[in-house]
Structure formats: C-alpha cells, structure tokens
S.K.: 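Before we start, here is the structure in question, set down as structure tokens.
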Amino acid sequence: MGSSLTGRVRGGMGSFAEWKRDRDADIARAGAQIQARADQLVRKAIRAGQEISAKTPSELREFVKTAATLSLPRAGTTAPANHVARRPPNSSRSPPPRPSTPGARPSGVQQVLAYADRIKTETTRKGFEILERAAANDPRVAKVIGDMFEKAGQAAGAAKSALQTAEDLKDGAIFVTRLVNPLDPVLSAPGQSAADQVVRGARQAVDDARSVIADPQRAVRSIIDKGRQMHRDLDPAATPQGHTAGDELRRRFDIGRNQGDLGMDAAALIVGGPSVRGVSGAARASNIGNVAKYSAQGFTPAKAEHLAQRYDGKGHHAYIKERDRLPKLLGGGPYPPWVLDNPLNLHRPHNMTRGDFYVTHALSDRHFGGAGFPRSAGGGGRGSGWSAKRLGIETAPLPLRAIYGMPDAMKLLVGSGAIAAGAYANEALDSKDSR
Amino acid sequence: MRLRKIADFEPDFPYDAVEEDDEFILLPGRNIAEAICDILRRLGLEVSTPEHTPPYGWRFDARSDRFRIWFQVTHLGEEVVLGTEDRSPLIGRLFGRTQQAYAGLLTGLSDELKADGRFRRLQWWDRYSARGIPADDPVIAR
C-alpha cells in the first residue's frame, strides 16, 4: 500500500481519520441499538408469552438481519480508497476441522478444504494487488471482489461443517443407512431408530429455545452477547474493514466462512441452548451431553452427567450370550469370540449415551436389571444405581427382545433383504404389467 | 409351584470395585459372589469361580449331578441383585425334572442368606421390573 493513512480520498469523502472516527461511532451506536432491540424483543416476548429464540436457520438469519440493519450505515460510508481501518483477521467461530489420521488419504471434503485454503492463500496475494488497483479506480469493484471472497468463505464454511459432521459420524455410514432403511423403526427399540434420533435432536433444539424464556435475565444476556458476536461474525458491515486489501479479503473470507458454517450448523447457534453447547455433529441427534434428560429422571447431577456420556462399553450379545455353552457334540464350553463378538451378534450401539444404552439393554435382556455408578459419579457402592425396576422399564416380550437388541449389522442385513425383496417384487409386478 | 428366581438385598460387604479414569475396570460384587459360592458349596454343589462379565457383574455356575444353575450378581449401589436361571440340559427342563431340585436349591440358599447378616432385607422377585412382585420366599406353592 503506497499511500499514507492520512491521505485524502478520491471523491472528496474526507480523511481516513475522519472516516474511521465516524465509522467507529456508527458501530458503537449500532451495538447499543442492537442491545436495546434485543432487550425489547425479549421483554415483548416475555409479556406475550412467546418464544423468540430462533429455531431455524432462516429465523436465525432474520434475527441477525434485523439487528444488523437497525442503523448500520451502508451507503455513503465506503472507506477511503487504499485507507481502511485496521482490524485483526476475523477468527472463525467454530473450531478448526479435526486433523485426519496421519498417512490416511484425505477425504473429498478435506481436499475441498485444502483447496479452499490454497485458493485463500493464493488469491489473497493476487487479490491484494487486484483489489488495490481496482479500488483505486472504483470502490464498487473492490466491493465485488470482497463479495467473491465472502462467497468462497461460505463454501469453505459449509464444507468445514460438513466435514465435522461426517467425522462425528465415524460410524455414519451405518447411521445413514439405517436412516434410509424402511425397517429400521421396526427393528429398533422405542426411541432408538435412526429417525427417532434425528427427531430427538430437533426436539432438543426446541426445548433449548424454551429454556431461554424460563430464565429471562439469562436470555437477555445470551441474546445480546450472541447477537453481538453473530453480528460481528456474520455481517461485513458490523466490523471495520481491513486495514489492507489482504486484511479485508481475509475478513470477508472469514465472515463468509462463518455464514457458511451457520447454514450447516444452525442448531448449535440457538441462543441459550445449554445442552447444545459442546455437542457437535451427529451427537446433536442423540442424547450425548443431554444431562438434563437424566436429571429429570431423578439422578444427581454427577450421575446424570455419567449417564449422558457416550457409551463406549463392550455392547450386548443379542442372540448367543456369554453364558451360553456349546453343545457337548461340539466340545461344550463357551462360544469362541468370533461367534460371540460377530457384528451380527454383538449389539454395540454407535452414538448412544450410557443411559440410553441401559434402556435398550434392559428392554432386550431380562438379565440386565441395572448398573452401578463409579465413585467419580457419586456411586462407589453408595446411593442408588441405574435400575430398570426403579425407572419402570419392562423387558420386552420375547419376539420384541430380539428386535430391540438387534445389532446394526443385522438390521442392515434384514433391511437390505427387505429392500431387495421389495425391488424384486416391484420388478416382477412391472414385468407382469408390461406383458 | 412357582419360582421367584431373582433376589435383591442390601449388602454389608466392602466395596470392591476397581476403577480407573472414571470407569470400572472390575465391577463391584466379586466378594459378594464369592460369599454366595461358599454358601452353595456348603449346600453340596460344585461351584465355578465367579467370572467378571461387564456390564452385568459377576457370574458363576452351580451344578450337581441333576442340574446346572446359573448365577449373576449385579451391584447397583445400595442394593445387589442376584439372578438365577436353570441352565440344565433341555430335556430335563422340558419335562420339569429339574424344577423340584431348582426349587430346593433356591429355598436352601434363601435360608442361608437370611441367616447371614451380610445379606439384609432379602426379597425374591418373579421379575426384576416395575411390575415385579416381591416375596420373602423363592417358592410359591400353587
């Protein structure tokens, strides 16, 4: 950048110092108005008994848009060419993508991300020169280039969220296959089908929204804080432009990435959603981290937290149990591990909490009456354990037991068989009709 | 004759779980299982060594020349659940030949547990669920 910061601006818009002072004042005023507006919205909603929390991405965007357009000057405030306010590059709101396994071939999404990063680096350098030249001639051109970066950021943000979701669903292939398996609801314990898990995630989001109203003061603070941060993260006009063209491109890219992330990640952004916080990806569709659910069942906070953790145990033998013995003809003794722990026999749920696994287990195995808690969770031989009897859970009737405890691999097998049979029947009927 | 095959009681035993990083390495209840094994041996049965079977607890078999009974000890904290099941050969079970011996074993075990102060508030259940009905004795005459 060859020009001095105090240089005059083409078009006679005043010195950079004046422009910066005016713009900072605008931003401060807008911030105060956003705060007042959020406060007003919450109080109005409380009086009317309504919920104002955004439940969908579009509602969320609307909230941000409403807040952002209160009085932010958009026209006539273009920064002086070559002289824009310095601002550190905007940091992304979401954590960076998890590193892949060393030596592993990068996934398609990772390649997209790497490509986006390369574009960002290369384009920043080239864009620096282009933007500087273009802006010197026409600020509108600079805006177009900035918009392009924002779009590129949106794509990268969406890709990043998609990658995180995919990584959270390490066993996602099974989950997704179960989701599209028409027999999955039939082959799963009540509330444990893939579709149920998705619905539960949505309900949880709504519950979180309700909790905002339950604590108005917290809601006000949350909305204001969240609104401010989202405003900064998502609206290019909410923060000063970059000091240099490179800074500005980076800022627009980061804002775009936040916007793209938002589109993929609306649930986690619901204002005041305590149970969504810290829960990412597919975990949102399960009860992992949903301590409130288990507290509501009467467990102490420590026990509820233990139950809300991801189940990482051995699983449940659906058909051939550990206690079963080989027929004498085959030598007696326990079944070999390759039989016992075969995926068709071992039900090891993915993305399920301890508490939910206990329920599934109790439904499908009359010998599972409950489990104790470790010392760290307030157990250690004291207090109540997790008891199916106490929670009113009945072991399912015999035919259903096999279904409730059915391993995912068996569900896929049965589901695939059903789909194949359906396709065959359809084909046969089509052939018959066409004769 | 109806059998209530599941018992629960309040244990008076040292807590013997092995835990690491907030997880169970060994579930509690091994000492309780061994105490029950001793009782069964006194009743003249051949008893296996308790086996750690998470998440259930500790399991072992007791057998005579007529039957084989499977036991499971699950430590829930304040209470311990003792599950039993007749795992005798199918033919014997089909014709009810083992049921009398099974009933005799449960009655003998119940008497021993009641006499031992470490097994407090012993109850026998037809099923260990919300609809289960407790009784003081494992055998209900029809």
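Side chains included, hydrogens not; waters and symmetry mates left out as well; all remaining heavy atoms used. Below, read A as the first sequence line, B as the second, and so on, with proteins coming before strands; counting in each chain starts at 1.
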S.K.: Just give me the residue among A:Gly369, A:Gly372, A:Pro374 that pairs up with chain B most often, heavy atom to heavy atom, under 4.5 Å.
M.R.: A:Pro374
S.K.: Side chain, backbone, both or neither: which part of A:Asp365 has an atom under 4.5 Å from a heavy atom of chain B?
M.R.: side chain
S.K.: Answer yes when B:Glu23 and A:Arg375 have at least one side-chain N-carboxylate O distance shorter than 4.0 Å, and no when they do not.
M.R.: no
S.K.: Give every donor-acceptor pair under 3.5 Å between a side-chain atom in residues 78-85 of chain B and any protein atom, sequence neighbours left out.
M.R.:
unit_1  : atom_1 : unit_2   : atom_2 : d
B:Glu79 : OE2    : A:Arg390 : NH2    : 3.1
B:Thr84 : OG1    : B:Lys5   : O      : 2.8
B:Thr84 : OG1    : B:Tyr102 : OH     : 2.7
B:Glu85 : OE1    : A:Arg366 : NH1    : 3.3
B:Glu85 : OE1    : A:Arg366 : NH2    : 2.8
B:Glu85 : OE1    : A:His367 : NE2    : 2.6
B:Glu85 : OE2    : B:Arg87  : NH1    : 2.5

S.K.: With rounding to the nearest 0.5 angstrom, report the CD to OG distance, A:Glu394 to B:Ser129.
M.R.: 3.0 Å
S.K.: Shortest non-hydrogen contact from A:Phe368 to B:Pro55?
M.R.: CE1-CG, 3.9 Å
S.K.: Around atom CD of A:Gln297, are there more than 12 heavy atoms from other residues, nucleotides or ligands closer than 6.0 Å?
M.R.: yes
S.K.: Sequence neighbours left out, what passes ring pair (Phe, Tyr, Trp, His ring centres under 6.0 Å) with B:Phe24? Give chain and number order.
M.R.: none
S.K.: Name the region of A:Phe373, side chain, backbone, both or neither, that has any atom closer than 4.5 Å to a heavy atom of chain B.
M.R.: backbone
S.K.: Applying a heavy-atom distance below 4.5 Å, give me the residues of residues 64-75 of chain B that approach chain A, sorted by number.
M.R.: B:Arg68, B:Trp70, B:Gln72, B:Thr74, B:His75
S.K.: Which atoms of B:Pro28 come close to chain A, meaning under 4.5 Å heavy atom to heavy atom: side chain ones, backbone ones, both, or neither?
M.R.: neither
S.K.: Please identify each residue that fulfils side chain to side chain contact (heavy atoms under 4.5 Å, CB included) with B:Glu10, with sequence neighbours left out.
M.R.: B:Arg120, B:Arg121
S.K.: Does any heavy atom of chain A fall under 4.5 Å from the side chain of B:Arg59, the backbone, both, or neither of them?
M.R.: side chain
